[in-house]
There are 2 protein chains.
Amino acid sequence: MSRYLGFLSYLGTAYSGYQIQNGQITIQGVLEDRLSVLLKEDIKTKGSSRTDSGVHALSNAFHFDFEGDIPKALLKRMNALLPEDISFLGLHKVSDDLHARFSATERSYVYKVYCGKNPFYNGRAYRLLGFIPDVEKMNVAAELLVKYEDFVCFSKANSGVKTTLCDIKYAKWDSVNESEFYFNIRANRFLRGMVRGVVGSLLKVGKGVSSLDDFERMICAKKPYTADFSAPAEGLYLEKVIYKGINETL
Amino acid sequence: MSRYLGFLSYLGTAYSGYQIQNGQITIQGVLEDRLSVLLKEDIKTKGSSRTDSGVHALSNAFHFDFEGDIPKALLKRMNALLPEDISFLGLHKVSDDLHARFSATERSYVYKVYCGKNPFYNGRAYRLLGFIPDVEKMNVAAELLVKYEDFVCFSKANSGVKTTLCDIKYAKWDSVNESEFYFNIRANRFLRGMVRGVVGSLLKVGKGVSSLDDFERMICAKKPYTADFSAPAEGLYLEKVIYKGINETL
């Protein structure tokens, strides 16, 4: 039996999130279905990051175990079988103890917001109504994220999670132009709902309805559900999942 | 009676092109319908560029005549009424003799191609199968476009067109990364089907199935329908239409 680590890119719009669910069309469901057809046995995968309904991924990872030989043309054949909104990026043979979720050393997300109607961003970014965020102020708040460790306030639910500590290595807003802004965040791990909570709360600072002090107090209070989770799924992109020794460029 | 010049942005995927047609959903049809509702009279517009079915526009222009007062909130109200894939960018009061089509001094297009499956480009760029184009070679060919004047070879149909002369001011491919390439072209005017003919023919050079000599011979032969029109609508974006004295940034 060998273990394989695979990478996928997808537009999340048409899916009820990554994780398999009965009666719902999910990324994992479609993936396992196509893999099982091509490898001629029932393939079960473990995902790295359970992106929510409507969330996109530039690259998400999963692993599975398989006894036989992987066909050389698997990548090409998977992409022919998978729908247009899911792309199979690559497959690595890895050691048996590598786990797509637990072995990941780092994950990065991008969150895209824009002001003003834009047909090309519809469903692919979050449209801010009635204000242009103060990026400088949001970046002062974002720097606090790198300083702190316990992020229970940005967590929607932590059932089964042993710790709410996350090592945030990078958190910064960039202006693409005067009406488009991208937030990049990188950490060893994220809690459930965390990135959307971070973005919603930072946008409150950028709108001027929360102060920097409010933001810091929220983190220090260490209570769950206190963040603003209003940032919708359509603006969120899982960018990359990093594993030690696995070349990230496929 | 006053004349107004308006600008629109749209994702062309869901529409049977720009120009109004009976029984088809077109950009112009939707535009006139919403303008007529808001201005409370039957508004007829003249478009600058009749983009084909599935072609997108970052900014396309149109004009119309109207006697009454334009409501101050027209922009906002139009964007509330228009579907998510069409955005009303702005409106200028102009002189009575300005014509959206004939007064335009310059138009620019972008054509996007990519190699490899990409869920985010689906319907928004042309996927090249089985080859990565030689951008350097395509740019040598593109330089010839700026040198010549008569482009009948890139024209699909010219009924009613008095001349096939176009003053191409700029034509160049740029690599976004190793698998995405954008072609930018700017001219005083374009013939019908011309940009797709130019792109299809340049890609043949980039693939190595046409030589630079073949490309130049095709231009010099001055025969219609000789270009390769296989470049699909979904990769094409009308970028901008320029008018003298009208500020392009709205």
Side-chain angles (χ1 to χ4, degrees), chain A residues 7-15 18 27 30-31 34 51 54-60 73-90 110 112 114-127 129-130 177-180 234-239 249-250, chain B residues 7-15 18 27 30-31 34 51 54-60 73-90 110 112 114-127 129-130 177-180 234-239 249-250:
Chain A
F7 292 87
L8 278 182
S9 175
Y10 50 85
L11 184 74
T13 314
Y15 299 89
Y18 183 82
I27 305 288
V30 172
L31 169 69
R34 305 304 194 271
T51 53
V55 172
H56 318 294
L58 301 174
S59 177
N60 196 353
L74 184 76
L75 193 71
K76 205 175 166 183
R77 287 164 67 189
M78 274 296 283
N79 277 323
L81 273 188
L82 284 167
E84 286 303 317
D85 49 11
I86 305 180
S87 171
F88 193 57
L89 300 175
V110 181
K112 302 183 180 180
Y114 68 110
C115 311
K117 199 176 182 184
N118 184 331
F120 302 95
Y121 268 137
N122 182 29
R124 297 174 178 220
Y126 174 29
R127 182 175 173 196
L129 290 169
N177 56 46
E178 72 278 2
S179 65
E180 298 171 27
E234 62 200 45
L236 186 56
Y237 296 71
L238 172 58
E239 188 184 42
T249 56
L250 291 162
Chain B
F7 292 88
L8 279 181
S9 176
Y10 50 85
L11 184 73
T13 315
Y15 299 89
Y18 183 82
I27 305 289
V30 173
L31 169 69
R34 306 302 194 273
T51 53
V55 171
H56 319 294
L58 301 174
S59 177
N60 195 355
L74 185 75
L75 192 72
K76 205 174 165 183
R77 287 164 66 191
M78 275 295 284
N79 276 324
L81 273 188
L82 284 167
E84 287 302 317
D85 50 10
I86 305 179
S87 171
F88 193 56
L89 299 176
V110 181
K112 302 183 180 180
Y114 67 110
C115 311
K117 200 175 182 185
N118 185 330
F120 301 96
Y121 267 137
N122 182 28
R124 298 173 178 218
Y126 174 30
R127 182 176 172 195
L129 290 170
N177 56 46
E178 72 279 1
S179 65
E180 298 171 25
E234 62 200 47
L236 186 57
Y237 295 71
L238 172 59
E239 187 184 43
T249 56
L250 291 161

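Since we're looking at a predicted model, the values are computed, not measured.
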Original post:
Any idea how A/Phe120 and B/His56 line up, ring-wise: parallel (<30°), tilted (30 to 60°), or perpendicular (>60°)?
Top reply: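 Judged by the thresholds at 30° and 60°, the geometry between A/Phe120 and B/His56 is perpendicular.
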**OP:** Give, for atom CD of A/Glu84 and atom CZ of B/Arg127, the distance between the pair rounded to the nearest 0.5 Å.
**Re:**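 Taking CD in A/Glu84 and CZ in B/Arg127, the distance rounds to 6.5 Å.
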Subject >> chain B contact via A/Ala14 - side chain, backbone, both or neither, heavy atoms under 4.5 Å >> reply: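 Answer is neither: A/Ala14 stays 4.5 Å or more from chain B.
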**OP:** Measure A/Leu11 against the heavy atoms of chain B and call it side chain, backbone, both or neither at under 4.5 Å.
**Re:**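 Both backbone and side chain.
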**OP:** Among A/Asn118, A/Asp85, A/Asn122, single out the residue with the greatest number of heavy-atom pairs under 4.5 Å to chain B.
**Re:**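 Of A/Asn118, A/Asp85, A/Asn122, A/Asn122 has the most heavy-atom pairs under 4.5 Å with chain B.
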**OP:** Sort by residue number and list every member of residues 75-83 of chain A having a non-hydrogen atom under 4.5 Å from chain B.
**Re:**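 Residues of residues 75-83 of chain A touching chain B at under 4.5 Å: A/Asn79, A/Leu82, A/Pro83.
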**OP:** Would you name the heavy atoms of B/Lys117 and A/Ser87 that are closest together and state the gap between them?
**Re:**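 Nearest heavy atoms, B/Lys117 then A/Ser87: O-OG, 3.2 Å.
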